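Report on the following structure.
None of these values were measured; they are calculated from a predicted model.
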Amino acid sequence: MSAPRLEIDLAKISANARALVERLKERGIAVTGVTKAALGCPVIASALLDAGVSGIGDSRIENIERMRAALGEGPRMTLLRSPMLSQVERVVRSADISFNTELAVVRALSDAARLTHRTHGVVLMVELGDLREGIMPEALLATAREVAAMPNIVLKGIGTNLACLSGTAPDAVNMGTLSFLARSVEQALGLTLEIVSGGNSANIDWVFGQEDHGRINDLRLGEAILLGRETLTRKPIEGLYLDAFRLVAEVIEAKVKPSKPWGVIAQNAFGEAVPIADRGEISQVIVAVGRQDCDPAGLECPAGVTILGASSDHLVIETDGRVPLIGSEIAFGINYSALLRTMTSPFVEKAVIAGISRSEAAGDLRQARILSEARLRSQADT
């Protein structure tokens with residue numbers, strides 16, 4: 001295999017998804033599998049669906065279009081980011097549901113759906129403290145009433161997003177408020193909301209920490225499935241795999257060098273002034289991956305390796321005295337930030353190293369078959 005590459009253990013992703021689906025089902029909560037960190041990879045989406053998620057959620061319509069082309073019309077696809085007005089035709093064509101906060105956008109979705117003889121589902125997002133997207137609670141009922149009356153639009157539910165921008169944690173108060181708002185909309189409009197989406201992987205501690213979840217019946221899980229962690233403290237979730245992904249990079253230089261630079265020291269290429277202590281000579285190694293490919297701060301080093309810094313194309317590391325061979329490889333664990341950037345980089349090969357989904361093995365995937373069982377081409381190239 002070539003490097004750099006992101007090795008993807010599909011069996012571990014599937015096991016994580018299945019475990020969370022089963023645990024949450026016992027609490028009356030469905031899982032929407034979120035693929036945005038995986039760049040809408042159809043093979044990963046298929047693994048999530050095989051594991052029992054109720055549908056796929058992604059924040060980019062381009063990813064949803066790619067998955068729809070590969071997986072067909074069957075899976076429920078939800079656009080998690082509020083649609084852009086310039087993309088409403090694409091949204092109603094490829095997404096079954098979209099999350100919304102602006103009436104102007106929903107009206108445009110209604111017009112696009114009517115012109116294409118489609119029906120589009122809408123989930124209204126409510127602001128409950130994180131101050132990213134959301135309708136203020138006092139305006140929800142009037143907004144819901146107007147949306148419910150629009151042609152070719154179905155009010156599917158309400159939801160909220162927490163712990164993304166400001167770090168506001170899900171708790172009994174804000175989750176109770178969401179349940180109260182759901183009941184208020186249902187009573188006022190005489191309908192039953194199909195979806196009450198309580199949040200994301202940050203909701204893990206809340207959902208497993210109490211018996212009564214009110215009207216919450218859906219969580220949108222990405223990092224919890226892909227990396228096995230909740231997102232308030234990045235604590236591992238019991239029984240889940242933490243190493244479904246690893247970034248492998250090739251050694252292109254290995255030398256003994258001084259630890260302290262010399263000459264007049266100014267800013268580096270990224271505008272940083274980096275103080276460096278003199279620790280004498282060290283074993284310095286360069287691997288062929290950089291900030292254009294990943295978030296260096298999100299890499300987890302193997303034993304005996306420390307990251308010294310990174311430029312666009314070089315990751316400079318220190319080893320514990322061992323000098324690796326030129327052309328050898330070093331594997332790193334990755335966090336969410338590094339995964340997001342690595343999946344997006346066209347310079348990083350994506351390679352499935354273990355397991356394939358049941359539907360792929362049965363030949364049920366259409367266009368995803370070209371990705372092969374063993375190796376994914378960069379999604380950025382498609």
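- A donor-acceptor pair under 3.5 Å is absent between the side-chain atoms of N200 and the main chain of A224, judged by distance alone.
- Neither side chain, S201 nor E223, offers a donor N or O lying under 3.5 Å from an acceptor on the other.
- Between K235 and E230 there is no salt bridge, since no side-chain nitrogen of the basic residue lies less than 4.0 Å from a carboxylate oxygen of the acidic one.
- For N100 and S98, the side-chain atoms include at least one donor-acceptor pair closer than 3.5 Å.
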Only distances under 3.5 Å count here; give the side-chain donor-acceptor pairs of residues 140-152 to other protein atoms, sequence neighbours excluded, each with its distance to 0.1 Å.
residue, atom, partner, partner atom, Å
T143, OG1, A139, O, 2.9
E146, OE2, R107, NH2, 2.6
N152, ND2, R118, O, 2.8

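- Remark: E133 CD to N161 CG distance equals 4.5 Å, nearest 0.5 Å.
- Without hydrogens or angle criteria, S283 side chain to V256 main chain gives no donor-acceptor distance under 3.5 Å.
- If you take CD1 on I286 and CD1 on I252, they are separated by 5.5 Å, rounding to the nearest 0.5 Å.
- A distance of 10.0 Å separates CE of M77 from CG of N63, quoted to the nearest 0.5 Å.
- Separation of atoms CG (L48) and SG (C41) is listed at 9.5 Å; rounding is to 0.5 Å.
- For D313 (side chain) and A288 (main-chain N/O), no donor-acceptor pair under 3.5 Å exists by modelled atom type.
- Considering only heavy atoms from C-beta on, T306 stays 4.5 Å or farther from C301 through its side chain.
- Classification of R23 and E238 as a salt-bridged pair fails, no side-chain N sitting under 4.0 Å from a carboxylate O.
- One finds the NZ atom of K36 at 9.5 Å from the CZ atom of R81 (value rounded to the nearest 0.5 Å).
- Between the D130 side chain and the R132 main chain, no donor and acceptor come within less than 3.5 Å of each other.
- In this structure, L80 belongs to a hydrophobic cluster whose other members, linked by side-chain heavy atoms under 4.5 Å apart, are V34, I97, F99, V123, M125, I195.
- R220 and D218 are not joined by a salt bridge, as no carboxylate oxygen comes within less than 4.0 angstrom of a charged side-chain nitrogen.
- At least one donor-acceptor pair closer than 3.5 Å links the side chain of R291 to the backbone N or O of A310.
- Between atom CG of residue L226 and atom OH of residue Y336 there is a gap of 8.0 Å, rounded to the nearest 0.5 Å.
- Between the S46 side chain and the P42 main chain, no donor and acceptor come within less than 3.5 Å of each other.
- Side-chain contact between R18 and V31 is absent, with no heavy-atom pair separated by less than 4.5 Å.
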